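Comments concern the structure below.
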Amino acid sequence: MKKVLLIAAAIGATALGGVAVVAQSSGDTTVLASAEATEATARFSIENMTCATCPISVRKAMKRVEGVKSVEVDFETKIATVVYDPAIATPAEIAAASTNVGYPAAEIET
């Protein structure tokens, strides 16, 4: 029963974005579970936004990229802030998504 609880705890911690390492020995069997959730943030300057509804198109396009978790677009500063999983998406793919719908995006290096 302890083995099941330890595995469940590892899975639960992983689902909440944490890291879990669990080792349980029973006879000749060792159970080991390890996982890590990662995310990165990128900022993009966005061109061609001329009205307050333009950020909606940019946000929708960027959110369609697999691995993108959230997108915030500020119309006044013309900057998009994107949280994404770097194991799945790249800043180039995210910028291309915006560019492809008519709003050229360039990553802002920090």
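Quantities reported herein were computed from a predicted structural model and do not represent experimental measurements.
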Apart from Ile79 itself, what residues make up its hydrophobic cluster, given side-chain heavy atom links below 4.5 Å?
->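 Traced through the cluster, Ile79 reaches Ile108.
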Note: with side-chain heavy atoms under 4.5 Å as the link, the other cluster members for Phe75 come out as Phe44, Ile46, Met49, Val58, Met62, Val65, Val68, Val71, Val73, Val82, Tyr84, Ile94, Val101, Tyr103
Note: Pro86 and Ala40 closest approach over all heavy atoms is CD-N, 3.9 Å
Can you name the residues that form a side chain to side chain contact (heavy atoms under 4.5 Å, CB included) with Ser70, not counting sequence neighbours?
->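 Partners of Ser70 under the side chain to side chain contact (heavy atoms under 4.5 Å, CB included) test: Val83.
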Sequence neighbours excluded, which residues qualify as side chain to side chain contact (heavy atoms under 4.5 Å, CB included) partners of Thr50?
->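 Once residues adjacent in sequence are excluded, the partners of Thr50 under the side chain to side chain contact (heavy atoms under 4.5 Å, CB included) criterion are Cys54.
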Residue from Lys69, Glu66, Glu39 passing side chain to side chain contact (heavy atoms under 4.5 Å, CB included) with Asp85 =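 In the set Lys69, Glu66, Glu39, the residue that makes a side chain to side chain contact (heavy atoms under 4.5 Å, CB included) with Asp85 is Lys69.
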Separation between CD of Glu109 and CZ of Arg43, rounded to the nearest 0.5 Å | 11.5 Å
Between CZ on residue Arg64 and OG on residue Ser98, distance to nearest 0.5 Å =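 Spacing of CZ (Arg64) from OG (Ser98) equals 10.5 Å.
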